[in-house]
Amino acid sequence: MATQEDVFKKVTSHAKEYGFVFQSSEIYDGLSAVYDYGQTGSALKKNIKDYWWDAMVKMNENIVGIDSSIFMHPKTWKASGHVDAFNDPLIDNKDSKKRYRADVLVEEYIQNKLEAKIDKEVKKAAKRFGESFNETEFKTTNPRVLGYFEKINNVETRLKKVQEEEDMEGFKQLIVDLEIPCPVSGSKNWTDVRQFNLMFSTEIGSLSDGSTKIYLRPETAQGIFVNYLNVQKTGRMKIPFGIAQIGKAFRNEIVARQFVFRMREFEQMEMQFFVRPGEENKWYEYWKETRMRWHKAIGFSEGSHKFHDHLKLAHYAKAAADIEFKFPFGFKELEGVHSRGNFDLTQHEEFSKKKLRYFDPELNESYVPNVVETSIGVDRMFLAVLSTAFTEEKLEDGSERIVLKFPSFLAPYKVAVLPLTKKDGLPDKARAIINTLKYDFECYYEEKDQIGKRYRRQDAIGTPFCITVDHQTLKDNTVTIRERDTMKQERVAIDHLEKLIGDSVNVKHILKKLN
RNA sequence: GCGAAAGUAGCUCAGUGAUAGAGCGUCACCUUGCCAAGGUGAGGGUCGCGGGUUUGAAUCCCGUCUUUCGCUCCA
């Protein structure tokens, strides 16, 4: 494990050194859990997104793409449940270092302390009075019990007040006053109560209902749900059909770590698939398998992926599974496949008071469709590709090289064209070759340093092919082409380059594997 | 957020109170010409930032930011 973490460390420094990922605002000491993609990284990321988009939108006539806004009407997040679910007052115990929801602590106190005491009194009295005991009468007359009830009432009123007013100091004071100990350590050494809202908020000019606070979306899915009927009607989509989207989402994570694995600003690739009620299980299984095929088609080694079925479900889900990937720091979630039922659409019906029904001509009835969601983090996929591609090799002559063995269709540059020397017109010839290839492939030109050094530099950014222009090229229009992983070279005619490289780097060959 | 550790050149790191360093990388020129580390030269750091102690601070102290690890959280 230690060595695996070393690998991860090497991957992150390599990512910086070769322009894949930089920390955001680095010259100002950086911004926690926010990263920028550099020249090579953004190219790799774009290729990943293209592969996903093609596999979804291009390959399926019943899946279409949209691009919805980051800002959405705040009611969206009420309806989706995010305002409630993403908003917790939290408190830490300094001794046990455990974190609790402050409201839960207080509620447990009421339950375990006060209500338990009432129960005790009731039981004692029942024993005393025997047959003639009237519990209701006892509870409404016994002064000690009434005292407890009053206390419960007081605590509940205070709890409600601090929650409504978001009075975090009052919340802390409440916990201090009640002398609530930590369930683990028994200590009363608490931090302040802090409101953790996982959604970022900002202000907008004005809204129809007078509010001005809006959120940066914490998931892209809602942009699809609110547009589902627009797309269905204007695209004349028939169920089952899907809507795909790639876009940024934002979560104010309490702890955001592990490089680009968990960021506060991140990019999702989501597809919501709308199905007839009752058929959701079938499609859930279908998309689980289909998405796994997409991952495996990339060509990572067997055993890199596995399913992890959720036992504890989110507020919207009927069934959920993660596709986990073997990152350098262990198997972690890369993609989620969720059967969301009709939760989102019925919620939006309720909050918007608009019908979000689909009329099914085959059944001759209208209904709210069920939804199967596939949701993958672009940045996690990026990290999966980068960390898997990262290879340190010992060569036969004893030297070492670092090579990024990207699947060639994902590589930032497809081909480097290198004149063997800077003299004798070789650079001009090399540039002429680039001018024929640049319409199809991302090309890299370099003439500095010895050829071997240049090969290594291309290995370090994962360029699958190096074309070397030498003196023979000037005579017979042939070049050598070197393959990144094998380091084998072959002499070929310049005219054949386009097809030779195209056959290897075209995403088409991967997409065909998906069918 | 709590606890621990760390932050010195693009990268990896040395330097524990007294002139800011090395290797690799970068740039220029020369040499070589198909698998990195030949020669010469150059550039690059107010030692994360801000205070404090001291005649003197990269070094000691405090704060702060960032990163890593553990806990915690995770749709």
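In what follows, chains are A, B, ... by sequence order, proteins preceding strands, each numbered from 1.
- Residues of residues 13-23 of chain A having a heavy atom closer than 4.0 Å to RNA chain B, listed by number: A:S13, A:K16, A:E17, A:Q23.
- Contact check on A:K332 versus A:E324 returns no salt bridge, with no Lys/Arg side-chain nitrogen under 4.0 Å from an Asp/Glu carboxylate oxygen.
- RNA chain B is contacted by A:R457, A:T468, A:D470 of residues 457-474 of chain A, taking any non-hydrogen atom closer than 4.0 Å.
- Mapping A:V34 and A:E333 onto RNA chain B by nearest heavy atom places A:V34 at the nucleotide closer to the 5' end.
- As judged by a 4.0 angstrom heavy-atom cut-off over every strand, A:S375 is placed among residues making no nucleic acid contact.
- Contact check, A:K453 against B:C35: no side-chain N or O comes under 4.0 Å of OP1 or OP2.
- The aromatic rings of A:F261 and A:F329 stand perpendicular to each other, their planes meeting at an angle above 60°, with 30° marking the opposite boundary.
- By the 4.0 Å N-to-carboxylate-O rule, A:D459 lies too far from A:R454 to be salt-bridged with it.
- With salt bridges taken as basic N to acidic carboxylate O contacts below 4.0 Å, none links A:E270 and A:R217.
- Residue-to-nucleotide contacts include no donor-acceptor pair under 3.5 Å from the side chain of A:R401 to the base of B:C35.
- A salt bridge links A:R401 with A:E393; the closest basic N to acidic carboxylate O contact falls under 4.0 Å.
- Electrostatic pairing of A:R482 and A:E490 does not count as a salt bridge here, judged by no charged N lying under 4.0 Å from a carboxylate O.
- Between B:A37 and A:Q450, a contact under 4.0 Å exists linking OP1 or OP2 to a side-chain N or O.
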